[in-house]
Amino acid sequence: MNEQQFKQRYKKAVDQMKPDDQMKKRIEQKVNFQRQSTKRPRKSLYIAASVVVAAGIGLSAPTVWQQWGGTTAPAKETALNNGEVNPVKVTKGETAIKTEDSNIVPVEIPKMELPSDDKNVKASMIGLVVYQGNVYTESATTVDAADALSLRGEELGKTTGGIHERSGKDDYKELASTIGTADIYTVKGYDSDFRIMSYTEIDGQIYAQFFDKTNGISVSGLSDLLGKLNMKDHVTAAQWESFDSWNNGLQQLQQLPVDGSLKSFTEALSLAAPVAASPELDERLYGKEDRKMIYLTLEDKTKVKLVLFGEEGMVRYGFAPVFFKVEQGAFQQFWNSLK
């Protein structure tokens, strides 16, 4: 296999991102990790942030939740208005709505489990920080270096950088990380139970990055995940990008007016029902190229990236194993305006 063939097969495997319930077992048996540099800096960043890369071509790339314990079936219960719990059946990949009383069945995202102590497992780790016993992973929200200081809150400590591809449970100590040594802070305007940030200055250059805890939570609506991003009534600028531009690292961002159309879409998104990720759903979504990315700049200068899936009318933030199903008319109208 020549280099070009390797790149093509590597790109196809990662872009499809088809998680598999048996992936952990298959990785333990088959993965032979290779570090492959590419000419697509944005693409390689996306890959590093999103998955534990199985670089043995032919294996689908699993999400970190599946590598470390797996995203289980959606929650099989929903809280009724009277506080009682009513068991219901939910099929993976289906919109989890209890139609008889309009209560949404929460999607339970399990707490991220630590990796096994099997030293034969090799994988490229995503960026993560352990804080107060929880795992925070690279955020899909960014901030420019010039604006990072204004968001820097209380200092929490310094990471030790002790986590790598072969780390076991004992290595996941407080403020252990995959990012090396960096100062960790709270983020002004955000709950530290959801978001923290690294902030380092080297030779006058500022390096800042957000880390979100999107595991160990129950998602029944926008406020449980997307609501924590403080998007409502705080969007000051917006851009969008086609799949072709993103896929080829072209960064051909187009301006998106912050007008009634965007407001209507975000309002519809606030009412969207959560849908648990599953191998079948991921196969449908990532097996196609009808994706568009929108980037929403907020008043605090943070930039939130959302991925829109055209045919299914779904939206995803980051790499938490949950999608949001938007009302069809509202989604399609907004989708069609992105051209």
Side-chain angles (χ1 to χ4, degrees), residues 45 48-50 64-65 68 109-115 125-164 167 169-219 221-237 295-306 317-320 322:
L45 174 61
S50 65
V64 69
W65 287 272
W68 292 357
I109 303 178
K111 183 173 181 179
M112 189 177 290
E113 297 180 12
L114 303 184
M125 305 294 291
I126 66 171
L128 61 83
V129 175
V130 178
Y131 173 61
Q132 293 189 341
N134 295 302
V135 176
Y136 291 66
T137 55
E138 290 184 35
S139 176
T141 299
T142 60
V143 65
D144 291 338
D147 301 311
L149 182 59
S150 63
L151 290 170
R152 193 181 72 180
E154 175 187 354
E155 184 173 2
L156 301 176
K158 187 184 294 289
T159 59
T160 59
I163 301 176
H164 49 79
S167 294
K169 292 183 179 180
D170 292 342
D171 297 307
Y172 283 70
K173 303 174 182 178
E174 184 68 2
L175 291 179
S177 75
T178 61
I179 63 173
T181 301
D183 294 318
I184 300 296
Y185 298 84
T186 60
V187 183
K188 292 179 181 178
Y190 299 87
D191 191 335
S192 61
D193 186 54
F194 168 66
R195 173 172 290 170
I196 57 179
M197 70 183 292
S198 64
Y199 185 98
T200 304
E201 187 170 349
I202 302 175
D203 297 330
Q205 295 291 319
I206 294 173
Y207 302 89
Q209 186 174 21
F210 296 132
F211 296 85
D212 297 341
K213 184 175 80 69
T214 55
N215 62 92
I217 60 176
S218 176
V219 180
L222 183 96
S223 61
D224 296 323
L225 181 57
L226 300 186
K228 297 180 180 180
L229 304 177
N230 297 339
M231 293 190 300
K232 184 175 175 58
D233 299 325
H234 294 141
V235 178
T236 60
Y295 305 89
L296 306 178
T297 301
L298 309 186
E299 291 176 351
D300 61 7
K301 307 300 183 182
T302 58
K303 182 177 289 187
V304 178
K305 175 185 175 183
L306 300 176
Y317 169 73
F319 309 102
V322 61

Is any side-chain heavy atom of [X] closer than 4.5 Å to a side-chain heavy atom of [Y]?
X	Y	result
Ile184	Tyr136	no
Ile217	Asp224	no
Phe194	Leu229	yes
Val129	Ile179	yes
Glu155	Asp183	yes
Lys188	Arg152	no
Thr160	Lys173	no
Val187	Phe210	yes

If you measure from [atom1] on [X] to [atom2] on [Y], what distance do you get to the nearest 0.5 Å?
X	Y	atom1	atom2	value
Met197	Leu156	CE	CG	11.0 Å
Glu138	Ser198	CD	OG	9.5 Å
Ser192	Gln132	OG	CD	6.5 Å
Lys301	Thr236	NZ	OG1	6.0 Å
Thr137	Met112	OG1	CE	5.0 Å
Asp193	Ile196	CG	CD1	10.5 Å

Q. Checking side chain to side chain contact (heavy atoms under 4.5 Å, CB included) for the pair Ile109/Thr214: CA distance, chi angles, key distance, verdict?
A. CA-CA 8 Å; Ile109 303 178; Thr214 55; 5.6 Å; no

For the residue pair [X] and [Y], what are the closest heavy atoms and their distance?
X	Y	answer
Pro110	Asn215	O-CB, 3.4 Å
Ala140	Gly318	CB-CA, 3.6 Å
Val304	Leu298	CG2-CD1, 4.0 Å
Asp212	Ser139	OD2-OG, 2.7 Å
Asn230	Gly189	ND2-O, 2.9 Å
Gly180	Thr159	O-OG1, 2.6 Å

[X] side chain to [Y] backbone, donor-acceptor under 3.5 Å:
X	Y	answer
Asn134	Lys213	no
Asp144	Ala146	no
Asp300	Leu151	no
Glu201	Tyr207	no

Evaluate the ring planes of Tyr185 and Tyr199, with Trp represented by its six-membered ring, and classify them as parallel (under 30°), tilted (30 to 60°) or perpendicular (over 60°).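 Taking Tyr199 first and then Tyr185, their aromatic rings stand perpendicular (interplane angle over 60°).
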
Worksheet item: For Thr141, which of Arg195, Met231, Lys305 qualifies under side-chain contact (heavy atoms from CB on, under 4.5 Å)?
Response: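 When side-chain contact (heavy atoms from CB on, under 4.5 Å) is applied between Thr141 and each of Arg195, Met231, Lys305, only Arg195 qualifies.
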
So Leu175 and Lys158, side chain to side chain contact (heavy atoms under 4.5 Å, CB included) or not? Walk me through it. CA-CA 7 Å; Leu175 291 179; Lys158 187 184 294 289; 5.8 Å; no

